[in-house]
Colleague: 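My questions will all concern the structure given below.
Labels below follow one simple rule: chain letters A, B, ... track the order of the sequence lines, proteins then strands, and each chain is numbered from 1. Just the heavy atoms: all of them, side chains too, but no hydrogens, waters or symmetry mates, feed the values below.
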There are 2 protein chains.
Amino acid sequence: MRIALLGMGTVGGGVYELAAKKGIEVVRVLERVRRTENATTDIADIADDPRIEAVAEMLGGVEPAREYALRCIRAGKHFVTANKLLISRCGIELAREAQNAGVRLVFSAACGGGIPFLPSLVRARESDRIVRAGGILNGTTNYILDRMQREGVDFASALADAQALGYAERDPSGDIDGWDTARKVTLIAAVAFGALPSEDEMPVMGIGNIRTEDVQAFKRRNLVCRLIGETAKTEAGVTACVRPVLFRVSDAESAVLRNDNLCWYQGEQSGLFRLMGQGAGRYPTAANVLADVLSLNAGLPPMLEEGLKPAALTRAAAEPYYVRVPGYAAETLRTLLTGVSEAGEWRMGETVPMEPAEIQKIISALPGAFCAATVREGGKS
Amino acid sequence: MRIALLGMGTVGGGVYELAAKKGIEVVRVLERVRRTENATTDIADIADDPRIEAVAEMLGGVEPAREYALRCIRAGKHFVTANKLLISRCGIELAREAQNAGVRLVFSAACGGGIPFLPSLVRARESDRIVRAGGILNGTTNYILDRMQREGVDFASALADAQALGYAERDPSGDIDGWDTARKVTLIAAVAFGALPSEDEMPVMGIGNIRTEDVQAFKRRNLVCRLIGETAKTEAGVTACVRPVLFRVSDAESAVLRNDNLCWYQGEQSGLFRLMGQGAGRYPTAANVLADVLSLNAGLPPMLEEGLKPAALTRAAAEPYYVRVPGYAAETLRTLLTGVSEAGEWRMGETVPMEPAEIQKIISALPGAFCAATVREGGKS
């Protein structure tokens, strides 16, 4: 197998290192700073090279990744990417072009890093109907929530430590506010249901406003907060959302520590299936990219079944929420939300069940407010 | 891809049903009662048919499965099997013959049923060094332990229910006494380390003697008992054992309910990776067999790296055990075991650390005695 790489950063460098071991020849590498023998800065050297069967992209971001993807796909090359933003924003266009060109579009490493979650979903889709899928998809926020829960550190210190450890970006809002998770949810829906939700239409609630007193209130009730992204397919259509969820201490989600991830799907026949592990890391992610490359000629079912349609999101089921609003607003809001509280006053089941889009609308209008869905069935988030 | 099936039971029938959907043609089926068009009762019709590229075996048991495997492999056909006993007993011979014949020997469905654990191990082995692997590998015993833990039912009733539900055989000793788990451990060691332990040399302790008062003693300490099989590779060599282990309520193992399985491996680079889900079931297991078939021409790394050697087992690390011996023996044994107790008297950390082979020797000499390893690091069994 002869391939080209776009990008020689952490993951790209790992792919370059591991490729030979797997019998994959890296013919060209697109990189700004020349570090490899076959380096180029011109995408034409790759798109127009007939030796190259597949292109693996690890640039990140929408442009120029999208432009490069289109050129390579139209030139008849399979396209493997670790770039979740690219698929989340341009997946429909790229899938259509890939279908027209008779090539494959594969993106395992874009969701779960080293966890082969999307390939598992494909495998499950072949023998079962997938009902729901999702999980703890962002290691940075899990690291913060776990430090707050188990060590009682405050949000700012936990975030600072995550940044020092290289888990969080300097601008951590993509992680903290749930957007990284939302993008992964769009990829999961694409593979599970053949429908790509728009992250702009998805209710997305993050953990930016969680406080020590929230976590203490959870701990007193033997509950653990995790940031969950999930998507489901019902008769009414596809649902997708990102929000903090409270789990019992004995649930599997509560056993996901540090920056680990947990991905799950529920099949109609096979029940709930969960994968737990490190969601990032140079070599595991690079191995996922290379496994995708090897899958291209393997006669395995394609990652996207029959192209990709936009998903018109429908409303999810209502569920009770823990809600903490800044004190000054609490009084005026009691008519709207029962169970609204200063942390510590809240009781389980006190809140009115709300649909994610509905609660997000309310919460986003209240600076400093935090909410988390409650009352989950054991592990079946 | 053209294949033949050996056996048309639960899994074989599922494979037969799903094959066409995946572009796999079932050319012949070896079955005693003719249920398919291309049925035969003569293995020569399969071994000597040049159209057949691969044979999938779902007969179970050692003979005639072994004889059939040898004939097909020597005739140049890839061999896919869901038969753990066959690989556990004859894996070295079959791997050698497969290597000589230039064909592949693959057995994903023999460990974890529908959970693609062995393929994940292969994938991990390619990018990382596997240090340890194992898990909750038997659904029947987990069902019994979970019913005892969460509902307080006694062992006999939980076992009877497992039999009524079809989880346990009429003779349940293979599950209860840990042998099913032990066989799966040998398969895991084969894939992870290229070395096949003999189940006769492995310390194997089951749950046949667990009593309601043991479970109650665990519950009072927020501990949950699970039957764990595991194997590790240290500088001294390969270790492997099966024994009950006590976990904290907040550990992932404790969140494995009903007849679910949990499989994990620890990579030097990628840390602990866990898969949870239903370990059995017709279609998930059949899908695993078919995924193995599809993997044959996929250029994926082989399940067994370079043949298979016998594993000379070395002693595992000593760890503290909860031990309950029949009352009459307790007094005489106090010199041998500190912390030996009637259930309820035991305190964590009271026991003397012992190596699995050592404790097994003691326990097996005492009718009715039960033991479980204690003090596990969170989830890192």
Colleague: Using non-hydrogen atoms and a 4.5 Å limit, figure out which bit of A:Leu262 sits close to chain B: side chain, backbone, both or neither.
Modeller: neither

Colleague: Can you measure from OG (A:Ser250) to CD (B:Gln149) and round to the nearest 0.5 angstrom?
Modeller: 10.0 Å

Colleague: Testing the basics here: between B:Arg274 and A:Ala255, what is the closest heavy-atom pair and its distance to 0.1 Å?
Modeller: NH2-O, 3.8 Å

Colleague: At a heavy-atom distance under 4.5 Å, which candidate from B:Leu290, B:Asn261, B:Asn288, B:Asp260 has the highest pair count against chain A?
Modeller: B:Asn288

Colleague: So which part of B:Leu275 gets closer than 4.5 Å to some heavy atom of chain A, the side chain, the backbone, both or neither?
Modeller: both

Colleague: To the nearest 0.5 angstrom, please state how far the CD1 atom of B:Ile115 sits from the OG atom of A:Ser120.
Modeller: 10.5 Å

Colleague: Can you see which heavy atom on A:Gln278 is nearest to which on B:Gly271, and at what distance?
Modeller: OE1-N, 4.5 Å

Colleague: Would you name the heavy atoms of A:Phe273 and B:Pro116 that are closest together and state the gap between them?
Modeller: CZ-CD, 3.8 Å

